[in-house]
Structure formats: C-alpha cells, structure tokens
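All chains are named by letter (A, B, ...) in the order of the sequence lines, taking the proteins before the strands, and each is independently numbered beginning at 1.
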Amino acid sequence: MFRKVLIANRGEIAVRVMRTLREMGIGTVAVYSDPDRTALHVRMADEAAHVGPGPSSESYLRMDRIIEAAKRFGADAIHPGYGFLSENADFAEACEDAGIVFIGPSVAAIRAMGSKTAARKTAMAAGAPVVPGTAEPVGVEGLRAFAREHGFPVLLKAVAGGGGKGMRRVDCEADLESALRDAASEAERAFSSAEVYVEKLIERPRHIEVQILGDRHGNMVHLGERECSIQRRHQKVIEECPSPLVEATPGMREAMGQAAIRAAQAAGYYNAGTVEFLVDQDSRYYFLEMNTRLQVEHPVTELVTGVDLVRLQVEIAAGARLPFTQEQVAWRGSAVECRVYAEDPYNDFLPYPGLITRLRRPSGPGIRLDDGVYRGWVVPMEYDPLLAKLAVWGETRELAIERMLRALGEFDVAGIRTNLGFFRQILEEPQFRAGKLHTGYIEEVFGKRCAPEPPAEYAVVAALVAALHTAAGKSAAVPTAAPAASAWRESGRSERLR
Amino acid sequence: MFRKVLIANRGEIAVRVMRTLREMGIGTVAVYSDPDRTALHVRMADEAAHVGPGPSSESYLRMDRIIEAAKRFGADAIHPGYGFLSENADFAEACEDAGIVFIGPSVAAIRAMGSKTAARKTAMAAGAPVVPGTAEPVGVEGLRAFAREHGFPVLLKAVAGGGGKGMRRVDCEADLESALRDAASEAERAFSSAEVYVEKLIERPRHIEVQILGDRHGNMVHLGERECSIQRRHQKVIEECPSPLVEATPGMREAMGQAAIRAAQAAGYYNAGTVEFLVDQDSRYYFLEMNTRLQVEHPVTELVTGVDLVRLQVEIAAGARLPFTQEQVAWRGSAVECRVYAEDPYNDFLPYPGLITRLRRPSGPGIRLDDGVYRGWVVPMEYDPLLAKLAVWGETRELAIERMLRALGEFDVAGIRTNLGFFRQILEEPQFRAGKLHTGYIEEVFGKRCAPEPPAEYAVVAALVAALHTAAGKSAAVPTAAPAASAWRESGRSERLR
Amino acid sequence: MKLTLEINGRAEEIEILSGAPECRFKLGAEPARDALVEIAEPGVYSVLLDGRSYDVYVEDAPGGGLVVDLNGHHFEIQARDPRAWSRNAAGQGGSAVQSVLSPMPGKIVRVLVAAGDDVVKGQAIIVVEAMKMQNELKAARAGKVLSLTAKEGATVAAGELLATIE
Amino acid sequence: MKLTLEINGRAEEIEILSGAPECRFKLGAEPARDALVEIAEPGVYSVLLDGRSYDVYVEDAPGGGLVVDLNGHHFEIQARDPRAWSRNAAGQGGSAVQSVLSPMPGKIVRVLVAAGDDVVKGQAIIVVEAMKMQNELKAARAGKVLSLTAKEGATVAAGELLATIE
C-alpha cells in the first residue's frame, strides 16, 4: 500500500479524499494556490505544497509543479479528484513517467473515453445503445433521410463543436433547410468548419448514470445508478440513488449496469468510472459519455451500497483485486444529495463568492456532509462555487426527502448567498416528490424562481429582533465570554430599551 | 398520527427526537428549566414551555408541570427520552389519565421491569438465564452450600441494599464467615437490616444488551445486540454494534435475541426496550435488567440495521404494527459510538461544565453526530455531562475504529474539558482492537490515565504560534470580517514582530 | 423607545415598551405583545413569542442596516430613530440616469466602452467574472456613458456601481 | 523580538527574526527555521513548517497565559517579554500552607469546617458538586484552617482557592 498520496485538487473533494486516506493510515499531501493558502484542505492535510497563483492554469492545472511536489514530498501516488487534471491522459502519463501511481484508469482508457466521439464509437462497438445520429457530416438529403427514419425533433450539431455553438433544434421538415444553413454558418464562424451532423433529439430526457468499478485483474462490477436529472445551467444540483425510474422498472438496473460494464471493458477500463446515459420518456436509455474519474455525486452510491469508493480506488491503484463480486453488491434504502453552491438562485444562479460570516451545519441521523469551507473563510472567486455536498440516507425515497428537508432547515450559511432555500422549494414540489424528473425540470417548474414569502409572524419577530439589536448597539455583535443566560443582564443593554 | 409531541427531556436526546418528529411532519414542544432557556433543544423546537428552575426535581422531574404544558400546547403525546421521567410508571400513568399518549411501554410493563428483583423473577419465569444467586437472605450454611455448587468467587449483597453498601467479594472458603459478618454488620448499619444474599461473581464480565421492539398487536422482534463493556464509573463510554464477541460466536445473537424477547413478552412489553446481559468469560450470558425506554446508545443499532428507532417508537405508540418481521431485520457493517462528556479524563473523570468557546464538528463519510450543544453556550452544571454522541459506521469493525479515530481528530471543543483525547487512546489499544473487552477495561488498562506526550515538533509549533499571537496582541482573538488571506497584512501586526 | 423600520422595503413602526429578556412591544397599531428574548450567541437571538420558538440571526448588512435570517427567510432591515428620520431616501428614484451595477461579487475582466461613448440599447458595457462564469452587463437603453468607475482587473462587490449612462 | 515562554512548565527562549506570514524564528540554541504562518480564523493559525501542515488553536487561559491546542495536544503557555521577566513566581512553592482548590467547576454544597478549626489528615473540608457528582475535598495533612473563602451555594471555577490550612 502507498505510504503517502498527493491530492491534486482542492475544496470538498480534496478533503473527502484525505479523510479516507487518513483512515487508511496513508500520509496526505495537499497542493494549494495563493488564494487557497488557508483553505480547509490545506489545514487538514499532513503536508502541503504551494503550486502557484490563483488562476487554475497557473496552479491546479500545472502538471509539472504538481508532479514536482509529489516527488519532493515523496508521494507514491496522486489522487486527482474530479475536474482539473482528473481526466487528462497526458497528466496520467506524466505521473507514470515520473514513477508515481495515478489513482484512476489507464492512460489508454482515459484517451479512449476522453473524446466524446471516440467514446461513442467504443460504446457502440460494445453494443451499448447510443442516441441515434450520423456522427459524420451531413447534407440536406442525408438530414432529410435521417429525420424521416428517426422522426422529429432532431438536433443539428457542429462536428467541431462545443458550448452550444452551431446547434439547432429542428421540429418539422419545413424548417430543415434553413436550420441547416444557420447551423452551418454559425459553425463556420465559430470553428472555421461548416460541417454539421445530426442526432435524434431526446425531449425531456432524464440523466441517469451508472457507477462502475474494476480492478487491474479483469474484474468489473457496477454499483447501480444515480439519477442526476435536476440540473441548472447543465450542471447537476440534486442527485439520487437509486433513480426512482430505474427502481420502478424491473430489470432496468441490471440492463444498464451490464451496458455500462460492456462499454467500460471495451476501453480496457479499470478503477472507478461513471457511464452516463440519457433516458427518454419511454425509459429507453442511450450512452452519453463516460467520466473516467470519481464523480462529484459518488456519496449517494456510497450511502446506499455501503462501500467507500475512494478506498477502493486507492486499493485498486495499488494492485488489489475487487473485494466483492457483482452478486455481493446490495442496495439498501435511498440517498439524496444537494450540491450547495455559493450562488444566488433568485438572481439567475449567479455566483456569489466572499467571506463566510456564519456557518451552522446539519447533523443527526442519516446525514452526511462533505464540505470544504469554514466560518471566517473567504470563498475565492477563482474556482467552482461548490461549497458542500449535503447527502442524506433514508429507508425510502420519501423518508430521504423528508430528512433532507429537515437537514436543509438546520443548515445556515451567511455572508455569501447559497441555493439552500431553493432546494427546499424543489423538494416540496409534488412533481419532484412523484419522481417525474427531466433535465429541464428546474427551467420548467421554477421559471420565475422567487424566494418564498415568509409567514407574517416571521416579519413581526424579525422586526422585534432588529429593534432590540439596534438599541443594544453594534457591540452586541462582538462575541463575548459572558454566559448566554445572562447576556442581557451583564451587558446592561436591556435598560437602554425602556 | 400525532399532530404535536412534547419532548419531556433536554440536551442531545431532545434534539435527536425532535429531528425525527420534524421529518414526520409532527410539531415539537420543548420543555426547559432556567439554565436551559437558550439550550439547543429549545432553539430547535417549534414551541417551548418553561417548567421551572435548574434542579431537575423542580423542573424536568415535575410531572405536573410537564403534563400541564402538554395540555396547554395541545400535544397529543409525550416522548420521555431517557433518564428523567422515562422509566417512571407513575408518569406514564399520569399521561394516560390526562389523555396524552406516553411514547413507550405500558404502565404495567414499566412496573414489571422497573424493580430489579421483580424483573429478575420475570426473566427467570420466562426462561432467560440470570446470574446464579439466592436472591433470598442466606446464613453461613446456605452461603457455603451456594459457593460449593457455583464455585468462587461469590458476591455478598445486602437484600435491602444499593450503592455498594453491604457488598463483599469472597474468593475462598476460609474468608466466608468473616465476610458474611462484615457484610451483615455493614448492611445493618446502612439499611437497618442485616439480611444478606449471595450471587455468583462474574469476573471481567462484558456488558452486552439486546434491542427489542414490539407493537401493541403482539408482534416483537430483536434488532441485535450492542456491546457496552467500555465503562468508567459504571457508565458506558463506548458502545458498538455488533458486539465483537457475539459476531464471532455462531448462534449467540439469535439465542440472546430470543431470550430478550421472551423476557420482554413475559412482562407484556411493547415499544422499544433494551434487555441488558452480563456475559462471562465463557460467553455465557445472564439477564441483568431491562431498560424500558430508548437507550442512549441506540444510534449504533440504527446505523447497522438502517431503522429509525424513534420513528418506530412514535408509530407504535400511535397504534401502528411493526413494519417488518424478524426475518427482514438485516445487519450491515459495524458501528461504534463515543459518548463525549464534559469531564477531565486525566483528573478522575471529574465533570467540567462551562462555556464552550470553540466547537468544530467532524463530518464526511460514515459519521453521525448527535449533539445538543453549540459554540457560545454554557454547559450547565446541573445536568449530565453528555455533550454529544459521536457514532461512525464502517464496513467492518476495524474500518469503523479507523474512521472513529479520524473523526475524533476532527472534533475540537474548547473552553471546557472533554474525553475526546481519551477515546483516541482507548481506540489505539491493541486489546481494544482485538475486541477483548470487559467492564473493568478502563480501570485495568488506563489505571494511570495520563494525557499522551506530544511529539517534540508540536511544542516547537506551539511556541512559535504563542510568540506570534502574543506579539500580535489580544485583539487578534476578536473575530473580524477581514479576509483570512490578508489577516496579517490588514492588521499591520506582522510589522511589530520585526 | 420607538423605531421606524424598513423591512424588505416596507415601513413599520415598532415600540419597545419593556426591554429584554421579558419584552413587551407594539408593532404599528397592533395591540401590545409579549415575547421572551435572549441572546443565545452573539448575533443570534432566541425568541419565544406566544410559546413559539424562533432562532433569529442578525448581521450588519454590507451597505448599512441589518440582515435578519429566520428559518431560511431573509429580511433586510433599516432601522431609524424617528427623530433622525428624514425623507432623503425618497429623493432618489425618478432619475434619468441609468446605473450599471455588478450583479455579483467578482472581477472586472473587460470594460468595453469609455466615458462619453454613445451606447445603444443592449450593448455590452462591462464583463464581470466570478467562479469561471462571465457576465456581460448591457445597457438597458440607449444613451451616453456618463461615468465609468469600473477598471479592468478590479474586484467588485455585488451591487457595486460600475458605470452610469444618461 | 525575543520572548521567554513557559510551555507546560518548561522555559523556552524564542526569537522571531522575521514576522508572519513568512516567518523566521530561533528556538533556544537551535538553528533558525522558516515557517509560513497565516491566521485562518481568529485564534486559529495555519502553520507550514518544513512542508508539514499544522492547524493551531490559541485561546487566552482563564488564569492568564495562553492555551494552545494542536492535533488534540494541549499546551499551557506563559509568554513573557524578557525585559519584564522577574523571578517572583519562584517565591511561591515551599510554603507550609496547604491550599484547598476546587478540582472542577461547580457549586459548593457543603462547608464542613470553620476558620480556626483544627483538622486531621483526610478530614472532609468542603463538598463541591457539578453534574450530579459530589466531590469531597479533604485535608492533605493535619493543621488549622487559616482561611475559608468557600461559601455554600457559591459557584466556583476549576482551580479556585477555597480554603487554606496551616
């Protein structure tokens, strides 16, 4: 087993990985950029290496500095977390070249799954269903033929594309030609290539993904699915295990799980990975892409299956065999996770970095909190707005949701804005409760996104406290060692109010 | 189902019960004494009723005031927690008379199990093994006969006894007569009754208890055992589920579970209860007593079985049937709980109430924290020193212990003293790791109870920080809104050090 | 003691008839009510009103006034002593000047106009970035850039004035 | 800047050669060392020394000096400026007077002697109670009660002087 592991990441995932490493008796090396000098992952690590200034490109994405730090501190392995260099095959290769174990899949598997089109071909070859499409450039005639075969709506995409540029939805044959013209010219402007291909458009799809886990000896299992349909700006905000759809559909988990395993094995995959599927309204699933790393939302799978995915990642990277078979994987109850972001849900989900002036965390039965922040810390504006992942477990989905609502009520963050209140609104929606989810859910159901109206009595209480607080003077905001019960009396401030 | 429940308790257990009630959509009414006005359970409740001054006898033990509060606030039921009035049959009866449901067993069952000798008879009648003894007054001849039959050592106990008075351990026949004389005269002095009986003395016993759960329709299951052998001053400090002994002994869980069910059913028991056993060094178990309420250490059972005991208590009290059978009870992994007390483990475990000046809670995978305190709160000197219960779950006992050590390392409380560091010492002991436990373990292994020596480098770091802190002046201890990264620069204090 | 509060923009009169912890107060023309109020932690008040328990968090707002949080609900409150009360706030409002405010805390990555420039409706004025997200601030209507305080590379707070357009 | 520290009772000289965050210091006769020190939160320091990360908590001790906590280890530190250094602490110690100190925070429930009483070794002097536990404080040796500050019903801190016995 490794003696020391460098975690090439920051925030909650760096903290989460360190926790397991500590439980394994393995030393931890953090890396940090200037604004992260006092970040929680640095404070919690055994050792810490500075890797550059704020911008990721000059710190967390600097392979050379990270590998140099690993060597200097004598780390045997690097855990990349998610994001940053985690799906960078060159980084994995550079680790290997430096004699440091990359805790993840092989370089070849990252390459095979790293390109969306290559992954699609791998998945197809392995017999996994993919969204019908040409994946090759298409003209008007080809487009017309495709639409006739698969039906409308279809989606035009730039071959060289990304970021939504050169994309056009087409709903009927009459719009075909003009849409192709528009898409091609937009693609030409954006990517200097007018090539466009076509895919069947899946309306109101669910996003459901399968966790797989394989060792370097050819064994592979799936750990079931996660439902990740609740998204804002194409980013997941609520995830569940199991998916209410899959749970209700006999055989679906095993079929998707086997499809995921086939696709991963076709790429010679090992370690933890996630195969993402789109699921249409008839419960047909289509391979979307594979994430060749630990997923943000892995805790819901851990809560339901009882495994520690990070421990298994580390053990597998060290050469261990999978300690269980597919038959031994068992699912118990239901888990839900909310991604707590520093953002304003009532102002277009705009980010809201800054000083955390107050932080009260939920606890008690069935709560798991993975966070990377603390009171008094300045959430930097350079990185992702993810502050914490609040996950809960319950015997059933209904109980898990009730528990999440309870936990959200105990969670208080001030100084910055968060989406905590927004989660309470979603979780109380009948359609969410019924498990009728799709990736456009938030747009559709919370189009207006207003903060809920407080009960009238709350305004009375707020007014009373504001008056007392104002009268007591600002000094009341300064912590004091006076016993709580006598805070008024000792301060003598109460008198001023008469 | 109930609309509103009053919780006739305080501290962590009041908070824990409220959490489940909130998840069930049931309103919560707290009760509080003067020093508990701003206690966490009051802050978290929907409603709160004052029931008197600090001493329990004038507040939390005042049945009249508690029942009056329940009526005034319109509570349909009362949850008694543990301690205080939870095993008081008169209170349960008074609730019934007031038309309020007592969330617990019947009045008759509390009476039957409330007296240790009555409980012993009930258990014997039900065929549960009890510690061999006469339970009736005995003379020299009877004593000699008993010792010959059961072997030494034996324990003499005053029939009217309690608190250790009139107790004598006898190790050999030669000491018999004088020991009986001493015990009888001590008993005479203490209780005005010289009557003494004899029991077989169980040396180095384990304390293992079985959680049972029954409905009002005659169904009863057991939820397995908890190992509670790690005690100081006859109070549990670490509990586990499963017991390492029971887990390693085929058939033992089922045999103990059935013995517990028989004893409980003999008393017409329903709702949650715990049957405590002493287990000798040959793994023979003996009925000790029954606790007719929720146990402090119930979270370890919840973590391993996945049930919410408080929810089931409430549902059963409302008339529901047990929602599962014995065959459906499943145990997964291993859970350990540490009772975090406000006490000084290195000064005879003396209590240490006072202001909590700093509080950092552990979190991450596999952690459950049930606490009733917060930073800035004064832990009152009137009540139990229990601050929090830190429980962890792991796939195996070994992994759970490693996780607990990790969690203890993340747990920081200042202002008062706690036993957090002491737990780390116990959990690192090879004998504890091997599961070789008995109720005298702490006395035996930690007779000296010294705080561990810090590594030399720690003293260097402490010196450096103390010097910088002193130089920076006490104002540095006052929270400020200045961004952390620039705290030095903004304060300009760094300059003074040059 | 009487205070005029502006709660989420609405004015309320409150009179404290007797101080904490056993507090009697009158809100507007409502009858007097009694509450038990304690300081649990600095900035955290425990209020019992008609037996109901409220955990209330108070902070100074960055722009003055208070932010009060109560069970996930957010109140922005300005407190004024009636003697100090003036209607100067009402003086703002109907101005013809368009203010360009930063919608979030962040960094100014681009300033696309100069003071004195004419802009058309919807024209991008400034780009603010935070947490890998860029936000283009646009002119709400046509006009001339009056002032431009935004500087490329500068860090700005939410609601900070970056430019004015006439 | 030089300071003499008493760390858990042992004296150490420390010299800060350059201030935080890039700090150079000398401990006693050891060679100078470099550390990065930042204030993470008020009273919480993040120290990087030889690449190792230490999370250090500092508080004022109730009886003066500092309490420093580091990974579960507890240091009681008195800091003195060498110029203010005096040996007055050494003046205590070898006295014949026996101090009866409260072993814990609590309440005095019984005072069993009066000033001027003669007591024998092991005699109960005062009973302190906290958290349902009573603690009998006993005379360590025979003598006469010199002073008795303990009063029944009074709240006392840990280590507080309750009586002296000659």
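Between Arg406(A) and Glu402(A) no salt bridge is recorded (no basic side-chain N to carboxylate O distance below 4.0 Å). Ion pairing of Asp412(A) with Arg360(A) is absent here, as no side-chain N (NZ or NE/NH1/NH2) approaches a carboxylate O to less than 4.0 Å.
The nearest pair of heavy atoms linking Pro362(A) to Ala407(A) is CB-O, 3.4 Å.
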Kindly determine whether Gln295(A) and Arg293(A) satisfy side chain to side chain donor-acceptor pair (under 3.5 Å), including the steps that lead there.
-> CA-CA 6 Å; Gln295(A) 202 84 329; Arg293(A) 43 133 172 115; 2.8 Å; yes
Under the side chain to side chain donor-acceptor pair (under 3.5 Å) rule, what do Asn291(A) and Tyr82(A) come out as? Steps first, then yes or no, please.
-> CA-CA 9 Å; Asn291(A) 294 328; Tyr82(A) 54 70; over 6 Å; no
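Of the listed residues Asp344(A), Val460(A), Leu420(A), the one with more heavy-atom pairs under 4.5 angstrom with chain C than any other is Val460(A). The greatest number of non-hydrogen atom pairs below 4.5 Å with chain A, out of Pro103(C), Ala61(C), Ala157(C), is found for Pro103(C). Residue with the most contacts toward chain C among Gly354(A), Gly409(A), Ala459(A): Ala459(A) (heavy-atom pairs, distance under 4.5 Å). Ranked by heavy-atom pairs under 4.5 Å with chain C, the first of Ala451(A), Gly415(A), Gly421(A), Pro452(A) is Pro452(A). Taking chain C as the reference chain and counting heavy-atom pairs below 4.5 Å, the highest number among Val461(A), Asp348(A), Val379(A), Ile416(A) is found for Val461(A). Looking only at heavy-atom pairs under 4.5 Å with chain A, the residue among Val68(C), Thr155(C), Leu70(C) that has the most is Leu70(C).
Contact annotation for Asn347(A): only side-chain heavy atoms (C-beta onward) come within less than 4.5 Å of a heavy atom of chain C. Looking at Tyr352(A), both its backbone and its side chain come within 4.5 Å of chain C, counting heavy atoms on both sides. Contact annotation for Ala462(A): both backbone and side-chain heavy atoms come within less than 4.5 Å of a heavy atom of chain C. Heavy-atom distances place the side chain of Glu457(A), and not its backbone, under 4.5 Å from chain C. In this structure, chain A has a heavy atom under 4.5 Å from the side chain of Val56(C), while its backbone stays farther away. For Arg24(C), no part lies near chain A; criterion is any non-hydrogen pair under 4.5 Å. Contact of Pro380(A) with chain C is made through the backbone alone, with heavy-atom distances under 4.5 Å. Heavy atoms closer than 4.5 Å to chain A are found in the side chain of Ile7(C), but not in its backbone. Contact annotation for Asn135(C): only side-chain heavy atoms (C-beta onward) come within less than 4.5 Å of a heavy atom of chain A. Contacts between Asn8(C) and chain A at a heavy-atom distance below 4.5 Å are absent for every atom of the residue. Both the backbone and the side chain of Leu464(A) come within less than 4.5 Å of a heavy atom in chain C.
In this structure, Tyr341(A) has its ring center at least 6.0 angstrom away from the ring center of Phe349(A).
Looking only at side-chain heavy atoms (C-beta outward), Pro351(A) and Met381(A) stay at 4.5 Å or farther from each other. Taking 4.5 Å as the limit, every side-chain heavy atom of Ile77(C) sits out of range of all side-chain heavy atoms of Thr470(A).
No more than 12 heavy atoms of other residues, nucleotides or ligands shown are found within 6.0 angstrom of CD on Glu166(C). Sparse packing is recorded around NZ of Lys107(C), with 12 or fewer heavy atoms of other residues, nucleotides or ligands lying under 6.0 Å away.
Of the candidates Glu12(C), Gln78(C), Glu13(C), Thr4(C) forms a side-chain hydrogen bond (donor to acceptor under 3.5 Å, both in side chains) with just one, namely Glu13(C).
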